[in-house]
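Proteins get letters first, then strands, A, B, ... in listed order; numbering begins at 1 in each.
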2 protein chains.
Amino acid sequence: MTDDTGRSLRKDAARNRERLLAAARELFAQRGLDVTLNDIAHHAGVGVGTAYRRFANKEEVIDALFEEGLRQVAAVADEALADTDAWNGLVSYLERSMELQFGDRGLNEIMNNPALGDERVSDARTRIAPLIEKLVARAKEQGLVRADLDQTDIVFAQVGLSAIMDRSRAVEPDLYRRYLTLFLDGIRADRPEVTPLPTPALTAEQTHTAMTAGRRR
Amino acid sequence: MTDDTGRSLRKDAARNRERLLAAARELFAQRGLDVTLNDIAHHAGVGVGTAYRRFANKEEVIDALFEEGLRQVAAVADEALADTDAWNGLVSYLERSMELQFGDRGLNEIMNNPALGDERVSDARTRIAPLIEKLVARAKEQGLVRADLDQTDIVFAQVGLSAIMDRSRAVEPDLYRRYLTLFLDGIRADRPEVTPLPTPALTAEQTHTAMTAGRRR
DNA sequence: ACTAAGCGGATATTGTCAATCCGTTTCTTG
DNA sequence: CAAGAAACGGATTGACAATATCCGCTTAGT
């Protein structure tokens with residue numbers, strides 16, 4: 001194991017580096033990107049000083065982990081393109097990439113809340129956008145989605161869906177699937193029958209809870 | 001003009017109180033709820049001290065203005081119910097309430113970002129939820145929307161759409177209408193033809209800009 | 001067994017806001 | 001129009017949160 005400068009690390013140092021990354025992965029996924037490097041250190045069972053000797057700052061930790069998430073999303077898009085049925089491909093990309101973002105608040109935030117990501121987001125776009133473009137183009141050629149659908153619509157759908165996901169996470173984690181289905185019914189070229197919704201709507205009380213359970217700030 | 005305790009205010013004090021409210025209205029609408037009471041004071045052309053003499057804290061200013069926004073949304077819902085065509089009513093409620101939220105980031109945040117609102121949100125729910133319920137019930141009875149649509153779906157649609165609105169505001173303010181239309185096409189009971197989309201999709205570059213133009217933090 | 005590398009965590013630093021205080025100015029009314 | 005009450009402005013204080021550093025102690029490795 002080597003550090004950023006390439007020199008090899010002492011055994012305990014290497015172990016701690018891994019522990020820190022594991023803790024960061026877990027905390028980012030669970031609580032989002034604004035956990036403190038101190039939090040991460042303690043969760044990893046090491047002191048803050050150690051964290052700061054391994055990583056110059058939080059950014060560096062995020063960078064180290066972001067690549068992972070990005071690869072996962074790209075992989076999902078690739079698999080989706082491998083499906084010869086363009087509609088299934090599109091649906092599966094949306095479902096699975098939303099699942100990834102769902103399981104990982106940190107990834108979700110990097111993807112959606114720029115300011116934190118900027119060049120990271122650029123990365124994501126240049127790697128993933130072309131795949132989405134193909135996914136959409138195929139589906140359009142085959143006449144499966146409405147002709148006026150654009151590749152960028154997929155991105156904004158994800159923006160909207162993650163907002164819903166964030167809101168309902170605590171009450172009914174799967175709720176976003178319901179709205180994904182509605183979206184899909186909205187972009188199909190023709191829709192003789194409605195697609196059954198995978199998740200029941202929240203009750204009025206549950207909705208109220210979801211809207212009242214604040215997080216941020 | 002009287003202050004909170006009912007005693008009458010000196011003329012300049014009354015004037016400043018109005019100025020402060022106007023400035024708050026404007027800044028909340030423009031920049032959201034986390035503007036500082038100092039910001040508001042300066043924008044109103046008065047000192048911070050003055051602001052704090054008129055209002056105990058920011059909460060109080062928000063309260064004074066929230067009622068306004070809430071009334072507007074309720075009015076829109078009422079008008080929507082007055083339309084005998086249940087579909088038009090539903091569409092018009094969504095369009096117009098989104099317009100209100102669009103024009104007013106502060107309202108948007110109160111409606112969507114609890115933590116700040118809590119009991120205010122409760123207020124909103126108890127006043128507006130029943131109206132939405134009727135709107136949806138009518139449309140279902142008339143067989144205009146899919147049978148599995150629920151009143152709470154309207155709320156979550158608004159959550160998703162405001163996220164999109166927030167993201168695209170700087171690049172193409174009207175973009176959310178595009179996704180509203182897709183949503184509407186998704187909830188119609190049957191949809192022989194697709195509804196033309198009111199706003200062109202963003203280009204890839206515009207999308208990138210929108211995703212990269214951070215605000216928060 | 002010696003030393004460079006690593007460790008922990010108290011502490012300094014920085015930034016952001018809310019809120020107060022007080023010397024000065026402006027109303028009001030007798 | 002004089003005088004005191006009311007209001008004003010804005011520098012300043014205080015609270016807090018998060019980042020990052022420093023340094024005396026511990027440990028790996030030869």
Side-chain angles (χ1 to χ4, degrees), chain A residues 1-24 27-28 30-64 106 109 113 115-116 214-217, chain B residues 1-24 27-28 31-65 106 109 113 115-116 214-217:
Chain A
M1 183 47 74
T2 62
D3 73 0
D4 307 322
T5 70
R7 291 183 325 113
S8 85
L9 290 176
R10 224 169 69 176
K11 193 171 50 164
D12 53 345
R15 178 166 40 76
N16 282 337
R17 186 177 198 276
E18 284 318 303
R19 280 194 186 163
L20 281 165
L21 281 176
L27 287 186
F28 282 155
Q30 220 166 76
R31 303 207 256 129
L33 290 178
D34 54 4
V35 293
T36 282
L37 204 39
N38 289 31
D39 287 341
I40 295 174
H42 289 125
H43 196 261
V46 307
V48 206
T50 304
Y52 277 95
R53 198 164 321 89
R54 290 297 136 245
F55 305 96
N57 49 45
K58 201 167 68 179
E59 286 285 284
E60 225 176 274
V61 184
I62 295 178
D63 274 332
E109 284 177 30
N113 184 333
L116 282 166
R215 27 182 205 95
R216 137 163 348 125
R217 227 185 222 304
Chain B
M1 183 48 69
T2 61
D3 73 1
D4 307 322
T5 70
R7 291 182 327 113
S8 86
L9 290 177
R10 226 170 68 173
K11 193 171 50 167
D12 51 346
R15 178 166 39 76
N16 282 337
R17 186 176 199 276
E18 284 318 303
R19 281 193 186 164
L20 281 165
L21 281 176
L27 287 186
F28 282 157
R31 304 208 255 127
L33 290 179
D34 54 4
V35 294
T36 282
L37 205 38
N38 288 34
D39 288 341
I40 295 174
H42 289 124
H43 196 260
V46 308
V48 206
T50 304
Y52 277 95
R53 198 161 324 88
R54 289 298 136 245
F55 304 95
N57 49 44
K58 202 167 68 177
E59 284 286 283
E60 223 177 275
V61 183
I62 294 177
D63 274 333
L65 291 176
E109 284 177 29
N113 184 333
L116 282 166
R215 27 186 206 91
R216 134 162 353 120
R217 222 184 222 302

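Here the C1' atom of nucleotide D:dC8 and the CZ atom of B:F55 are 15 Å apart, to the nearest Å. Across the protein-nucleic acid pair, A:D39 atom CG and C:dG9 atom C1' stand 14 Å apart, rounded to whole Å. Here the C1' atom of nucleotide C:dA18 and the CD atom of B:E60 are 14 Å apart, to the nearest Å. Atom P of nucleotide D:dA18 and atom CD1 of A:I40 are separated by 13 Å, given to the nearest angstrom. Taking atom CZ of residue A:R15 and atom C1' of nucleotide D:dT26, one finds them 13 Å apart after rounding to whole Å. Taking atom CG of A:L33 as the reference point, atom P of D:dT19 lies 12 Å away to the nearest angstrom. Between B:N38 atom CG and C:dG15 atom P the separation is 18 Å, expressed in whole Å. For the pair A:R54 CZ and C:dG8 C1', the computed distance is 13 Å after rounding to whole Å.
With a 4.5 Å cut-off on side-chain heavy atoms, B:L9 and B:R17 count as touching. Counting only heavy atoms from C-beta outward, the side chains of B:V61 and B:L20 never approach each other to under 4.5 Å. Considering only heavy atoms from C-beta on, B:D39 comes within 4.5 Å of B:R31 through its side chain. B:F55 places a side-chain heavy atom less than 4.5 Å from the side chain of B:L21.
Considering only side-chain N and O atoms, A:Y52 lies under 4.0 angstrom from the phosphate OP1 or OP2 of D:dA20.
Proximity note for A:K58 (side chain, C-beta onward) versus D:dT19, C:dG6, D:dG9: the nearest is D:dT19. Taking every side-chain heavy atom of B:N57 into account, C:dA19 is the closest of C:dA19, D:dC8, C:dC27. When distances run from any side-chain atom of B:R10 to the nucleotides C:dT26, C:dC7, C:dA18, the shortest one goes to C:dT26. Side-chain proximity of A:T50 to C:dC7, C:dA19, C:dA10: nearest is C:dC7. Closest approach to the A:T36 side chain among D:dA7, D:dT19, C:dT20 is made by D:dT19 (side chain taken as heavy atoms from C-beta onward).
When each of B:D12 and A:R53 is assigned the nucleotide of DNA chain D with its nearest heavy atom, B:D12 is the one assigned upstream, toward the 5' end. For A:N16 and B:V48, each mapped to the nucleotide of DNA chain C holding its nearest heavy atom, the one lying further toward the 5' end belongs to A:N16.
A donor-acceptor contact shorter than 3.5 Å is absent between the side chain of A:N16 and the backbone of A:R19.
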